Amino acid sequence: MEYKDLNTWIEISESAYAQNMEFFKKRVSSHSELSAVVKANAYGHGICEIAGLAVKHGADSLSVHSLDEALLLRESGFLQDILIMGPVALYRLSEVIKNNFRLGLFNLETLKELTRLTQEMGQRVRIHLKLETGTYRLGINEQELKYFLEILKNSPFITLEAAYTHFANIEDTTNHSYAYYQIDRFEKMISQIRSTGFPKIKKHAACSAATLLFPETHFDMVRLGISQYGLWPSRETFVSYKIKHTKNGEDVLQPVLTWKTRVGQIKHVPANYSIGYGRTYQTTRESRVAVLPIGYSDGYDRRLSNQSHVLIRGRRAPLRGRVCMNLIMVDITDNPGVQLEDEVVLLGSQGNETITADYLAGLISTINYEVTTRISQHIPRIVTPI
Ligand SMILES: *Cc1c(COP(=O)(O)O)cnc(C)c1O
């Protein structure tokens, strides 16, 4: 597919996405809700595009970070359940109630305001209580829980639909003892809730890594983020999966995103001249260089300067000089067929070559999550249908 009028665009492969969802639908029992986590513009993949594919290919619900993400989905016509996992400003809680969102709850102030508002509006709200089990991010501990439950018992318009937690150390290690500690703490708090007058409360804990590695954490719902996009949460998760399943996980997940641009100018640079700002690259031979119209303002990290590769005509071309705001330069001396407006892959596959998010992440000491998430929202996301 070609988009002649665009300098840069992202293609989202529906067939790759569908394969990933099919894998997870098989892996997760039908008793567990499969919630597609589409926060941060669906990890850079395009929130509405991915929500559409998620619903079409078997997600039961959607999860986001912010109220505005939830509103965007509603306004785009998504009528599914949407869980908001991050904080919502107290003065905007009425929007949560009006839109029947599920709200992650971890502040007493929020609970009190919801109790007041729901009574005033005569409308119900569903909450998912976030429990602190050892990540020490959002959540309430055992002592606070008692207090929350007291108030909840006297809040007839608030439905305590579920309680949930999040693992601290499941991706970054192949030793999962801390995850087991958290599950234990979680189960104890769930028992406390059930025996305090909420016998039917649902529970959930699993992110992608837990969904892949620990079926016993699937409970009533899994919150599937990175892996629906065809990316492994980490190398450790990949290795742990391989050990558990005595098979290579390589073909289990299919990356969904391909980031493209096209050649904007071709030029010759003599030997012993420099390329780009700061003159950080010196040619050692007469070089043929392609200038590409993407840069750090698009989310192509400046630390990739002189480090990464792109794909043109199925071959790797190394970056020369620094990444600019809107441009990069690559060496095509050994790829003489390259022409103006040739399609270039910055992330993804072309021919037999692949630039993975993990490869780019490794070059700049971060994780694949950050690489895709930081791709600018302004770049069009185009779904290539099956
Ligand atoms: C982002 C997030 C997830 C999804 O995590 P992945 O590792 O991307 O699957 C699940 N739960 C919470 C609370 C999150 O913030």
Side-chain angles (χ1 to χ4, degrees), residues 17 20-21 23-25 27-28 32-45 47 50-51 54 59-67 69-70 81-88 101-107 127-140 161-173 176 179 182-183 186 202-215 217-238 240-241 249 252-253 255-257 357-358 361 366-374:
Y17 189 86
N20 299 333
M21 284 303 262
F23 168 77
F24 284 106
K25 291 295 277 184
R27 200 165 167 75
V28 176
S32 304
E33 180 178 326
L34 200 165
S35 191
V37 180
V38 295
K39 65 194 180 190
N41 200 27
Y43 296 35
H45 291 62
I47 184 167
I50 291 295
D60 301 304
S61 71
L62 302 165
S63 294
V64 296
H65 174 69
S66 70
L67 173 59
E69 290 169 333
D81 281 326
I82 301 173
L83 171 64
I84 301 170
M85 300 187 290
V88 173
F101 295 138
R102 294 163 156 173
L103 183 66
L105 185 84
F106 36 79
N107 285 326
I127 64 159
H128 287 213
L129 201 54
K130 182 76 187 279
L131 303 179
E132 180 58 78
T133 61
T135 301
Y136 294 98
R137 203 170 68 172
L138 296 173
I140 57 168
E161 190 174 68
Y164 72 112
T165 194
H166 192 54
F167 293 111
N169 199 25
I170 203 156
E171 293 90 356
D172 298 307
T173 174
H176 294 109
Q182 285 192 276
I183 293 170
F186 183 54
K202 296 192 169 186
K203 57 181 177 180
H204 51 98
C207 55
S208 294
T211 304
L212 284 158
L213 299 178
F214 302 108
T217 65
H218 292 181
F219 302 135
D220 297 303
M221 173 170 136
V222 302
R223 306 184 304 267
L224 191 67
I226 194 85
S227 291
Q228 76 188 286
Y229 309 109
L231 303 176
W232 285 87
S234 66
R235 189 81 204 155
E236 289 79 357
T237 309
F238 181 79
S240 301
Y241 183 88
V252 168
L253 300 176
V256 165
L257 179 150
D358 288 291
T366 185
I367 52 177
N368 53 14
Y369 292 70
E370 189 181 353
V371 169
T372 63
T373 300
R374 289 183 62 205

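Atoms within a ligand are numbered from 1 in the order they appear, just like the ligands themselves. Source: prediction; values computed, not measured. Worth knowing before you read on, the calculation uses all heavy atoms, side chains too, and leaves out hydrogens, waters and symmetry mates.
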Proximity of Arg137 to ligand 1 by residue part, where a heavy atom lies under 4.0 Å: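 Side chain only; the backbone of Arg137 stays clear of ligand 1.
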
Pro233, portion touching ligand 1 at heavy-atom distance under 4.0 Å: neither

Suppose we measure from [atom] to each protein heavy atom; which comes out shortest, and what is that distance?
atom: atom 7 (O) of ligand 1; value: Tyr369 OH, 2.6 Å
atom: atom 9 (O) of ligand 1; value: Ser208 OG, 2.5 Å
atom: atom 15 (O) of ligand 1; value: Lys39 NZ, 2.6 Å
atom: atom 10 (C) of ligand 1; value: Arg223 NE, 3.5 Å
atom: atom 8 (O) of ligand 1; value: Tyr43 OH, 2.5 Å

Polar contact flag for Val37 and ligand 1 (N/O pairs, less than 3.5 Å): no

Within-cut-off N or O pair, Ile226 and ligand 1, under 3.5 Å: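 Yes, there is a polar N/O contact under 3.5 Å.
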
His166/Arg223 under side chain to side chain donor-acceptor pair (under 3.5 Å): CA gap, chis, key distance, verdict: CA-CA 10 Å; His166 192 54; Arg223 306 184 304 267; 3.2 Å; yes

Pi-cation contact, Phe219 with Lys203 (under 6.0 Å, within 45°): yes

is_close_aromatic(Tyr164, His204), centroid dist under 6.0 Å: yes

Centroid separation Phe214 to His176 less than 6.0 Å: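 So the answer is yes for these two rings.
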
Side chains of Glu171 and Ser208, donor plus acceptor under 3.5 Å: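 Ser208 and Glu171 do not have a side-chain donor-acceptor pair below 3.5 Å.
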
Polar side-chain atom of Asn368 near backbone of Ala361 as donor-acceptor pair, under 3.5 Å: no

Short side-chain to backbone donor-acceptor contact, Asn41 and Ile47, under 3.5 Å: yes

